[in-house]
Amino acid sequence: MRRKLVAGNWKMNGSLAQNAGLLDAVRGGMASIPNVDCAVCVPFPYLPQAQQRLAGSSVKWGAQDVHQLEKGAFTGEVSAAMLRDFGCSHVIVGHSERRAYYGESSRLVAEKFLAAQKAGITPILCVGETLEQRENGTTEAVVAEQLDALIQLGGVGALRNAVVAYEPVWAIGTGKTASSAQAQAVHAFIRQRVASHDSQIASGLCILYGGSVKANNAAELFAMPDIDGGLIGGASLVADEFLAICRAG
Ligand code: PGA
């Protein structure tokens, strides 16, 4: 059995004062949920705060993006080694908001993924289709392109000890969750595609679902055979809601 992972994606939200209560509540609550892994991906400036408040607990912390190169003249960017310096265990790469608003290609996302892994950080590779793509019947082609870019650049071995998050763009922040059957179908597709290269890596791969996961739909989603947890946006900002989702894992 793969262990469930519930990761929070705070996006561009929070303040020192708000985060303090949220981090402490998640830390305290996770102490009684030992069977589920939990991580929170916070905005860059709050990494030291997450590190201070979560160190020594079962809750891990991470970032929401990373630069693909090690260092240099890239004003405004943050490297994987810097994330490592602040104890990050995870980093999200290729979130649909990065792909849509910052023009990140699947090739660039694959480079970021490999840079994180090289620094010892577990990347969470986001994939997923828009509503138009789903309606056109191209969901599998879109997800395959996003996944294959990584396999081509890094080999299937890059997916050992990694996380993939299936996040249909039409479900993110919209309150429209994919049904458990819709999500399961894409998760199974992802696992099969990886299995066509290496069945062992595929069976160990952690595939999260993201897109309007809430306490009231998490258990049904997490019960599906290929859904190994969730990437949680809005609901990760409310401690009780986030912990209830973790408890469903
Ligand atoms: P949501 O966001 O849970 O608010 O839909 C998920 C995500 O974007 O990772």
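Quick note: numbers below take in every heavy atom, side chains included, and nothing from hydrogens, waters or symmetry partners. Indexing begins at 1, ligand by ligand and atom by atom, following the structure's order. The model shown is predicted, which means the values in this text are computed figures rather than measured ones.
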**Q** Should Ser212 be listed as contacting ligand 1, given a heavy-atom distance under 4.0 Å as the test?
**A**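 It does; at least one heavy atom falls under 4.0 Å.
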**Q** Quick one: look up the protein heavy atom nearest atom 3 (O) of ligand 1 and list residue, atom name and how far away it is.
**A**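 Answer for atom 3 (O) of ligand 1: Gly233 N, 2.9 Å.
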**Q** Can you check whether Glu167 has an N/O within less than 3.5 Å of an N/O in ligand 1?
**A**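 The answer is yes, given that Glu167 and ligand 1 share an N or O pair closer than 3.5 Å.
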**Q** Under 4.0 Å from a heavy atom of Ala171: which atoms of ligand 1 are those, numbered in the order shown and with their elements?
**A**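 With Ala171 as reference, the close atoms of ligand 1 come out as 5 (O).
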**Q** Gly173 versus ligand 1: do any nitrogen or oxygen atoms come within less than 3.5 Å of each other?
**A**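 It does: an N or O of Gly173 is found under 3.5 Å from an N or O of ligand 1.
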**Q** Under the 3.5 angstrom rule, does the side chain of Lys112 hit a backbone N or O of Gly94 as a donor-acceptor pair?
**A**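 Between the backbone of Gly94 and the side chain of Lys112 there is no qualifying donor-acceptor contact (under 3.5 Å).
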**Q** Could you report the tightest heavy-atom contact between Met30 and Leu243, atom names first, then the distance?
**A**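 Heavy atoms of Met30 and Leu243 come nearest at N-CD2, 3.8 Å.
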**Q** For Leu54 and Trp61, which heavy atoms make the closest approach, and how far apart are they?
**A**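 For Leu54 versus Trp61, the nearest heavy atoms are CB-CE3, 3.7 Å.
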**Q** Can you list the ligand 1 atoms lying under 4.0 Å from a non-hydrogen atom of His95?
**A**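 Near His95, meaning under 4.0 Å from one of its heavy atoms, ligand 1 has 7 (C), 8 (O), 9 (O).
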**Q** Answer yes or no: does an N/O atom from Lys214 fall short of 3.5 Å to an N/O atom of ligand 1?
**A**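 No, no N or O pair falls under 3.5 Å.
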**Q** Quick one: does any side-chain atom of Gln117 pair with a main-chain N or O of Ala158 as donor and acceptor, under 3.5 Å?
**A**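 At least one qualifying donor-acceptor pair exists.
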**Q** Determine whether Glu132 and Trp170 satisfy the following criterion, side-chain hydrogen bond (donor to acceptor under 3.5 Å, both in side chains), listing intermediate values before the conclusion.
**A** CA-CA 9 Å; Glu132 195 188 353; Trp170 48 270; over 6 Å; no
**Q** Counting heavy atoms only, which part of Asn9 comes closer than 4.0 Å to ligand 1: side chain, backbone, both or neither?
**A**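 The answer is the side chain.
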**Q** Are the side chain of Arg107 and the backbone of Glu111 linked by a donor-acceptor contact shorter than 3.5 Å?
**A**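 Absent.
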**Q** Is there a path of hydrophobic side-chain contacts, each under 4.5 Å between heavy atoms of I/L/V/M/F/W/Y residues, joining Ile232 to Met224?
**A**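 In one cluster with Met224: Ile232, yes.
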**Q** Relative to the heavy atoms of Lys11, which atoms of ligand 1 are at a distance of less than 4.0 Å?
**A**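 In order of numbering, the contacting atoms are 2 (O), 7 (C), 8 (O).
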**Q** For ligand 1, which atoms, with element, lie under 4.0 Å from some heavy atom of Gly211?
**A**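 In order of number, 5 (O).
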**Q** For Phe44, which residues count as a ring-ring contact (aromatic ring centres under 6.0 Å, His included) partner, sequence neighbours excluded?
**A**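 ring-ring contact (aromatic ring centres under 6.0 Å, His included) list for Phe44, sorted by chain: empty.
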**Q** Please indicate whether any nitrogen or oxygen in Gly234 is less than 3.5 Å from any nitrogen or oxygen in ligand 1.
**A**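 Yes, there is a polar N/O contact under 3.5 Å.
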**Q** Give yes or no for whether the N/O distance cutoff of 3.5 Å, strictly under, is met between Ala235 and ligand 1.
**A**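 Between Ala235 and ligand 1, no N or O pair is found under 3.5 Å apart.
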